[in-house]
Amino acid sequence: MSAGPLVVEIICTCCLAAFLLHRYGDLRKQNILTTLTTFISWYFSFLIIFVLPLDVSSTFYRQCLQDKAPKILTTTTTTTLKPVNVTNTSDTSTILSSAVPSSPALQGLNNVPVPLCQVPLSHVPENVLPTLWQVVYWTSQLLTWIILPIMQSYSTAGDFTVAGKIKTALIENAIYYGSYLLIFGVILIYVVAKADLQVDAERLKVIGITASNTWGLFLLILLLGYGLVEVPRSVYNSSKKGFVLSKTYFKISKLSTEKTEADEALEDVLDEIKKVSEKIKYNHPLRKHIDTILLKCPETMRHAVPQNNDDYEDYNRSSIDIPSEKTLVRLHKRVIQDSQNHHRTHAQWNSLMQKAIDLEDVERNEQSSITKFQRSQHSSSMMPAFVRVFYTPEIEWYWRCKVYFWVMRVCGVILAVVTFMVVWSECLFFVKDPILSLFAVFINAAKHNYDYVFIELSSILTIAYLCFCAYYSIFQIRILNLYYIAPHHQTDEFSLMFTGMMLCRLTPPMCLNFLGLIHLDSHITKEDNIEETSYTKIMGHMDVISFISDGFNIYFPIILVLLCICTFFSLGSRILHFLGVQQFIGDDDMTQELVDEGRQIVQREKRNRDRKLDSAERRREWTEKFGATSRSSDRVIGPRTDRERAREKETVARSPDENDKTELLKEAEPIDYTGELSSAADTDFSQGYQRSSTLRSNRFGSRTSNAPPRGIFDDV
């Protein structure tokens with residue numbers, strides 16, 4: 001018995017959650033509360049997945065002690081035995097000492113072989129796992145049902161104060177919470193109407209857990225019905241040469257429209273901000289709200305808004321033209337939402353474009369006779385330098401052009417077999433005699449052989465596969481494109497909190513479903529002498545509401561099988577395609593047109609990148625050739641007059657990016673139509689502009705600061 005494996009898993013899970021949060025989120029820009037809540041939700045969800053197998057092995061050990069204790073007692077029925085406490089599994093010597101006869105006349109029974117129970121290496125005292133599950137479960141439920149939904153609404157609220165944001169978040173979640181309170185009230189009335197049930201605090205807790213499990217199991221059926229089929233098929237299709245590239249072209253063509261719409265929406269909002277900024281002067285009380293709104297705009301567009309440095313004196317005379325604070329709140333919310341949509345679509349665009357370029361490199365290297373992988377100038381290698389020492393171009397060519405496709409094909413077949421096992425077991429895990437659940441058969445065989453390592457590893461892999469299929473479905477079937485998970489710090493705060501909320505909401509019922517697959521849920525096997533896990537004792541059984549559970553073992557397999565069949569034949573995609581929603585159907589003319597359009601978009605993007613690279617290279621060469629000599633001459637000769645510098649410009653060769661037209665435009669002098677009056681007015685205006693800019697900078701600070709607010713609460 002040792003707590004070492006549990007401590008190692010807790011530390012490794014913490015490192016895994018921190019690594020994923022660093023990879024997908026931007027810790028420097030996102031709010032500290034968002035980082036903290038997302039980390040806790042991810043960490044506790046992963047902790048359930050990796051610690052539950054340890055609970056399973058400890059449960060089998062306690063079951064072994066419970067099953068073999070009566071056999072030990074029957075060997076010593078003629079003697080007086082010490083009482084056996086089989087519930088205390090921390091010390092196996094108690095059982096052995098109590099099983100030995102105390103009478104000297106029966107010492108010969110010591111030679112009789114006594115069956116022993118092997119202690120798992122990861123076994124911990126009995127009070128450790130229940131305490132851990134209490135903290136993990138209730139913290140996860142608090143996050144997924146209360147904190148994270150409010151924080152999501154808080155992050156998109158347009159108010160400028162903490163109280164205003166909280167009020168808006170509560171109002172937006174009123175319908176959300178009202179629906180759950182209605183469901184809970186119906187269940188409570190049903191329980192009260194039952195004559196044999198009494199309502200108390202413990203009963204209310206059980207009702208809440210049961211309602212949460214019911215919601216999670218129904219959603220789990222829908223997600224697994226899609227993911228169990230689509231995950232193996234996607235892996236196997238990645239082994240088909242040209243299939244992934246064609247699908248990437250299709251996605252790029254489809255995303256180009258969304259990208260254009262997102263850019264136009266953000267530009268429209270920016271135009272409104274310009275108009276509002278012109279009306280609200282620098283010393284107006286609402287000007288600080290304009291500065292807050294500008295901080296939410298992309299940095300490339302933020303500087304396009306002109307500064308209004310005119311003094312604002314009469315608040316009553318021009319109050320009709322100045323927008324109200326409610327108008328600024330609505331504008332602020334639009335800026336937040338459009339900026340998130342703009343950032344999300346551009347992250348998707350860059351990811352798909354880079355993927356298409358890399359796949360084109362693979363296709364070009366396959367046709368090459370040189371067995372060295374040659375990358376184009378547009379591809380990006382994200383591998384560290386020490387990896388490139390071992391992963392040479394020769395090894396990369398053999399891997400990406402020869403071996404990769406066969407590996408994906410074998411993995412696809414293996415995952416298809418695992419999917420068949422999961423579907424078979426999900427449909428028949430209610431049957432106890434004979435045992436038809438394949439996972440229950442394998443786990444029971446390992447239990448009899450005391451192979452706890454196999455039990456823990458197989459449990460981790462099975463739960464991880466179920467989780468991957470469910471969460472793959474969530475991010476493939478995006479609801480109104482409101483969330484997107486992108487690596488390299490490209491995921492916004494809204495999507496991070498959404499993933500944390502779904503992890504906390506789906507992981508507990510998914511793990512209860514796994515315990516039902518291996519027949520460790522007494523409410524499914526209908527056995528009284530079965531030992532339950534600490535996880536089940538804290539979180540309840542895989543029960544649903546009683547008036548639903550009567551036919552649960554009938555409709556659960558039917559719905560799962562029907563969804564898997566529909567996904568296998570792509571009925572959903574074909575129906576959407578028939579209704580006019582663009583879907584990737586291989587034998588369709590519309591799909592082929594979009595694939596060709598995506599290929600042309602990639603070629604245009606590559607040409608644009610080529611022009612940018614060539615322009616940067618020419619500018620760098622020109623700077624190195626002429627810029628260095630100009631700076632060195634200043635150091636040697638000393639400062640020169642303006643006339644000498646102008647004469648030198650005539651002799652220095654011009655930049656390759658310049659032509660005769662640009663040179664003439666540079667040498668042209670502005671025409672003064674107003675003469676001295678215009679010059680005097682310009683002088684007065686420039687002096688007033690400098691005074692107002694200085695005054696505004698001193699009073700309100702610089703608006704063009706690139707750093708967003710770094711406080712605990714945003715905008716405060």
Side-chain angles (χ1 to χ4, degrees), residues 1-10 12-13 16 44-64 89 117-124 128-130 132-133 136-137 216-217 220 224 227-228 231 414-415 417-426 428-429 435-471 503 506-522 524-525 530-539 541-542:
M1 180 177 67
S2 173
L6 178 61
V7 174
V8 171
E9 289 199 356
I10 290 175
C12 292
T13 306
L16 175 63
F44 281 4
S45 300
F46 294 154
L47 201 62
I48 296 176
I49 297 173
F50 289 102
V51 177
L52 182 62
L54 306 185
D55 194 0
V56 172
S57 61
S58 298
T59 303
F60 284 142
Y61 171 64
R62 295 195 302 268
Q63 184 71 40
C64 175
T89 60
C117 297
Q118 184 177 352
V119 183
L121 181 63
S122 58
H123 186 65
V124 293
V128 174
L129 289 179
L132 177 64
W133 294 136
V136 170
Y137 179 72
L217 287 173
L220 187 62
L224 289 180
L228 287 173
V231 168
I414 294 175
L415 293 179
V417 173
V418 176
T419 293
F420 174 78
M421 294 172 58
V422 171
V423 175
W424 176 274
S425 301
E426 291 282 5
L428 300 174
F429 75 90
I435 299 177
L436 298 180
S437 175
L438 299 178
F439 294 100
V441 173
F442 297 149
I443 295 295
N444 286 331
K447 178 184 70 174
H448 293 306
N449 296 328
Y450 305 107
D451 194 353
Y452 296 115
V453 176
F454 174 80
I455 292 174
E456 294 174 2
L457 290 178
S458 60
S459 299
I460 290 176
L461 294 177
T462 305
I463 299 174
Y465 183 69
L466 292 175
C467 293
F468 182 80
C469 291
Y471 302 136
L503 280 172
L506 288 177
T507 303
M510 190 179 304
C511 292
L512 290 176
N513 181 38
F514 168 75
L515 294 178
L517 291 179
I518 62 176
H519 289 182
L520 271 183
D521 194 335
S522 60
I524 294 177
T525 58
I530 186 174
E531 185 71 20
E532 293 182 343
T533 61
S534 301
Y535 182 87
T536 306
K537 294 176 182 178
I538 300 300
M539 303 185 187
H541 298 269
M542 201 187 74

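- By the 4.5 Å heavy-atom criterion applied to side chains, Tyr465 and Thr419 are counted as neighbours.
- By the side-chain hydrogen bond (donor to acceptor under 3.5 Å, both in side chains) test, Ser45 pairs with no residue at all, sequence neighbours left out.
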*I would like to know whether Val453 and Ile455 meet side-chain contact (heavy atoms from CB on, under 4.5 Å); could you show each step before the answer?*
CA-CA 5 Å; Val453 176; Ile455 292 174; over 6 Å; no
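- Screening Leu520, Val56, Ile48, Val51 for a side-chain contact (heavy atoms from CB on, under 4.5 Å) with Tyr535, the sole residue that qualifies is Ile48.
- Here the OG atom belonging to Ser459 is positioned 12.5 Å from the CD1 atom belonging to Ile49, to the nearest 0.5 angstrom.
- The two atoms that bring Ala440 and Leu517 nearest to each other are CB-O, 3.4 Å, heavy atoms only.
- To the nearest 0.5 Å, the span separating CG on Leu54 from OG1 on Thr59 amounts to 10.5 Å.
- To the nearest 0.5 angstrom, Ile10 atom CD1 is 5.5 Å from Leu132 atom CG.
- Shortest non-hydrogen contact noted between Leu436 and Trp424 is O-NE1, 2.9 Å.
- From Cys469, atom SG reaches atom CG of Leu415 across 8.0 Å, with rounding to the nearest 0.5 Å.
- Looking only at distances, no side-chain donor or acceptor of Tyr452 sits under 3.5 Å from a matching main-chain atom of Ser122.
- In this structure, Phe514 CZ and Ile460 CD1 are separated by 9.5 Å, a value rounded to the nearest 0.5 Å.
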*asked:* Apply side-chain contact (heavy atoms from CB on, under 4.5 Å) to residues Cys12 and Phe50 and explain how you reach the verdict.
replied: CA-CA 10 Å; Cys12 292; Phe50 289 102; over 6 Å; no
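- Put simply, the side chain of Asp55 never gets that close to the backbone of Thr533: no donor and acceptor are under 3.5 Å apart.
- Applying the side-chain hydrogen bond (donor to acceptor under 3.5 Å, both in side chains) criterion to Glu531, with sequence neighbours excluded, gives Arg62.
- For Glu426, the side-chain hydrogen bond (donor to acceptor under 3.5 Å, both in side chains) partners two or more places apart in sequence, or in a different chain, are Asn513.
- The side-chain hydrogen bond (donor to acceptor under 3.5 Å, both in side chains) search around Tyr137 returns none, not counting sequence neighbours.
- With sequence neighbours excluded, no residue satisfies ring-ring contact (aromatic ring centres under 6.0 Å, His included) with Phe60.
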*With side-chain contact (heavy atoms from CB on, under 4.5 Å) as the test, would you mind laying out the steps for Phe420 and Val423 before giving the verdict?*
CA-CA 5 Å; Phe420 174 78; Val423 175; 5.9 Å; no
_Full working for side-chain contact (heavy atoms from CB on, under 4.5 Å) between Cys511 and Leu515_ = CA-CA 6 Å; Cys511 292; Leu515 294 178; 5.8 Å; no
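- Take Ile538 and apply the side-chain contact (heavy atoms from CB on, under 4.5 Å) test, not counting sequence neighbours, and it matches Pro130, Trp133, Gln134.
- The side-chain heavy atoms of Phe439 and Val422, taken from C-beta on, include a pair separated by under 4.5 Å.
- With values rounded to the nearest 0.5 angstrom, Ser57 atom OG is found 14.0 Å from Tyr450 atom OH.
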